[in-house]
Protein chains: 2
Amino acid sequence: MVVDGVAAGSGGADETVDRLFHALADTTRRDILRRCVRDELSVSRLAATYPMSFAAVQKHVTVLERAGLVTKQRRGREQLVRTDPDAVGRARQALDGLESAWRARVDRMSGLLADDDAEAGPDGNTRKGPDG
Amino acid sequence: MVVDGVAAGSGGADETVDRLFHALADTTRRDILRRCVRDELSVSRLAATYPMSFAAVQKHVTVLERAGLVTKQRRGREQLVRTDPDAVGRARQALDGLESAWRARVDRMSGLLADDDAEAGPDGNTRKGPDG
DNA sequence: CTATTGTACAACCAAATGGTTGTAGATGGA
DNA sequence: TCCATCTACAACCATTTGGTTGTACAATAG
C-alpha cells in the first residue's frame, strides 16, 4: 500500500526504483558506471584504481548489477563489466514521474491565471509565484 | 566537466549528488516529493497518511531538505513542505553526466564503423547499438 | 604439475539508516 | 490561563551498508 496510486498494481516496481537510485547514490559506483560505459572492464582492473579492496569493488558491482545498471560477461577468467545505457533511461523515466506531477501543478496554476490574469497576454511576465 | 568523481578538485560536489540520489532511493520520500509538488503540505498532514510515526516522516523530510529537493516554510505553527522543481533538473543533470559518456562511446564506435564499414554510406543506418 | 591471476563467497566489524518512544518548546484557540 | 496541536530533538534499537580479511575455486602461464 503505497499510499498514492503510484504503483498500486505490482508492488515490486518501487523496489526496482529504490535499487536504481540507491545504486546511483555512491560516488564510486557512479564512477564505475562512467568507466564501463566507455569500455568493458574486468572487476580486478576496476578494483586496481580505487583505494579499497577487490572484494569491496566486487560488492559495488553487485549493487549495480542488481539495480540493472550493469551486466557482467565472462571472458576467460575475467568478468567484464559493462554499463547498460538503457538503465540511465530508466532512471530518467523515474524522474519524469516526478516532473509530470510538477507539470500538472503548473498546468493547474496556468488555468487559474487564465481566468484571473487573462488580460496580461500569453507572455504574461508578471510574478505569479507563491513565494512572494 | 565536472565529473564528480575521482578527479574532482572540489570534493563537495560528490556528496551533493550522493545526497540527491540517496534521498530519491526511498518510496516514501518519492511519494512525499510527488505530493508536495502539487500542494504545500504540513509535516503533520503528510505524516497522517503514512503507516509510520510523525518523527519518522520528519526525518524523511529532513533527508529531502538536505538533498535540496524540498524547502520548508513556516505558516503559524505548521511547517509547509514544498518540492523544488529545479532539484529534479539537478538529478537529471547528474544522469546526463553518465549519458554523455555513453554518447562518447557511441561516437568512438561510429568512427570505427566509418573505417570498417564505410561502404554502408554516410547514413550509417545499420544497427550498431550495444544491444546487438 | 605448479604458480599466478581473477573471481566468488563467507565471516566479521564500524557506521549509517529507518524506525520507535519520550520529552520539550512554540503556536493558536476556548 | 489552560489545553490541544505542530514541531524539534534526543535516546534507543534492529537492520543494512560499506568496508575489511580470509578461504576456496576456476582459468591461464611456465
Side-chain angles (χ1 to χ4, degrees), chain A residues 1-3 11-12 14-33 35-36 39-82, chain B residues 4-6 11 14-33 35-36 39-67 69-82:
Chain A
M1 55 197 58
V2 179
V3 194
D14 297 336
E15 295 167 8
T16 298
V17 181
D18 285 3
R19 266 177 293 209
L20 194 58
F21 283 123
H22 169 70
L24 291 169
D26 184 280
T27 302
T28 300
R29 287 196 288 265
R30 286 195 304 276
D31 196 70
I32 291 175
L33 280 180
R35 306 211 312 168
C36 292
D39 291 302
E40 287 182 325
L41 294 175
S42 69
V43 181
S44 61
R45 183 160 291 277
L46 280 170
T49 67
Y50 297 107
M52 65 186 74
S53 67
F54 170 82
V57 174
Q58 210 176 16
K59 285 188 181 181
H60 280 305
V61 171
T62 298
V63 170
L64 291 168
E65 193 180 17
R66 277 174 42 94
L69 283 162
V70 304
T71 55
K72 287 195 292 187
Q73 183 187 3
R74 270 223 190 87
R75 187 184 62 183
R77 62 186 162 188
E78 294 179 324
Q79 194 100 18
L80 298 182
V81 179
R82 199 180 81 190
Chain B
D4 67 346
V6 183
D14 303 339
E15 296 165 8
T16 298
V17 181
D18 285 3
R19 265 174 285 187
L20 192 59
F21 283 122
H22 169 70
L24 290 168
D26 184 280
T27 302
T28 300
R29 286 197 289 264
R30 286 195 304 274
D31 195 70
I32 291 175
L33 280 180
R35 306 212 312 168
C36 293
D39 292 302
E40 287 181 324
L41 295 175
S42 68
V43 181
S44 60
R45 182 160 293 275
L46 279 171
T49 67
Y50 297 108
M52 64 185 75
S53 68
F54 171 82
V57 175
Q58 210 176 16
K59 285 188 181 180
H60 281 306
V61 171
T62 298
V63 170
L64 289 168
E65 193 180 17
R66 277 173 42 93
L69 283 163
V70 304
T71 56
K72 287 194 293 187
Q73 183 187 2
R74 271 225 186 84
R75 187 184 62 183
R77 60 186 161 185
E78 294 179 325
Q79 193 101 22
L80 299 183
V81 180
R82 199 180 80 188

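Labels below follow one simple rule: chain letters A, B, ... track the order of the sequence lines, proteins then strands, and each chain is numbered from 1. Worth knowing before you read on, the calculation uses all heavy atoms, side chains too, and leaves out hydrogens, waters and symmetry mates.
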Phosphate oxygens OP1/OP2 of D/dA27: is one of them under 4.0 Å from a side-chain N or O of A/Arg75?
->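 No.
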Phosphate contact (C/dC9 OP1 or OP2) by A/Gln58 side-chain N/O below 4.0 Å =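 No, A/Gln58 has no side-chain N/O under 4.0 Å of OP1/OP2 on C/dC9.
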Looking only at side-chain atoms of [X], point me to the closest of [options].
| X | options | result |
| --- | --- | --- |
| B/His22 | C/dT20, C/dG6, C/dT17 | C/dT17 |
| B/Ala55 | C/dT21, D/dG18, D/dC6 | C/dT21 |
| B/Ser53 | C/dT20, D/dC6, C/dG6 | C/dT20 |
| A/Lys72 | D/dT7, D/dC9, C/dA8 | C/dA8 |

Given atom [atom1] of [X] and atom [atom2] of [N], what is their separation to the nearest angstrom?
| X | N | atom1 | atom2 | value |
| --- | --- | --- | --- | --- |
| B/Ile32 | C/dG18 | CD1 | P | 12 Å |
| B/Met52 | C/dG18 | CE | P | 10 Å |
| A/Arg66 | D/dG18 | CZ | P | 12 Å |
| B/Gln79 | D/dA8 | CD | C1' | 10 Å |
| A/His60 | D/dG18 | NE2 | P | 6 Å |
| A/Asp26 | C/dA15 | CG | P | 18 Å |
| B/Lys59 | C/dA16 | NZ | P | 14 Å |

Can you find a donor-acceptor N/O pair under 3.5 angstrom joining the side chain of A/Arg77 to the base of C/dT5?
->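 Yes.
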Pairwise side-chain contact, B/Val61 with B/Gln79, heavy-atom cut-off 4.5 Å (strictly under) =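 Answer no - side chains too far apart.
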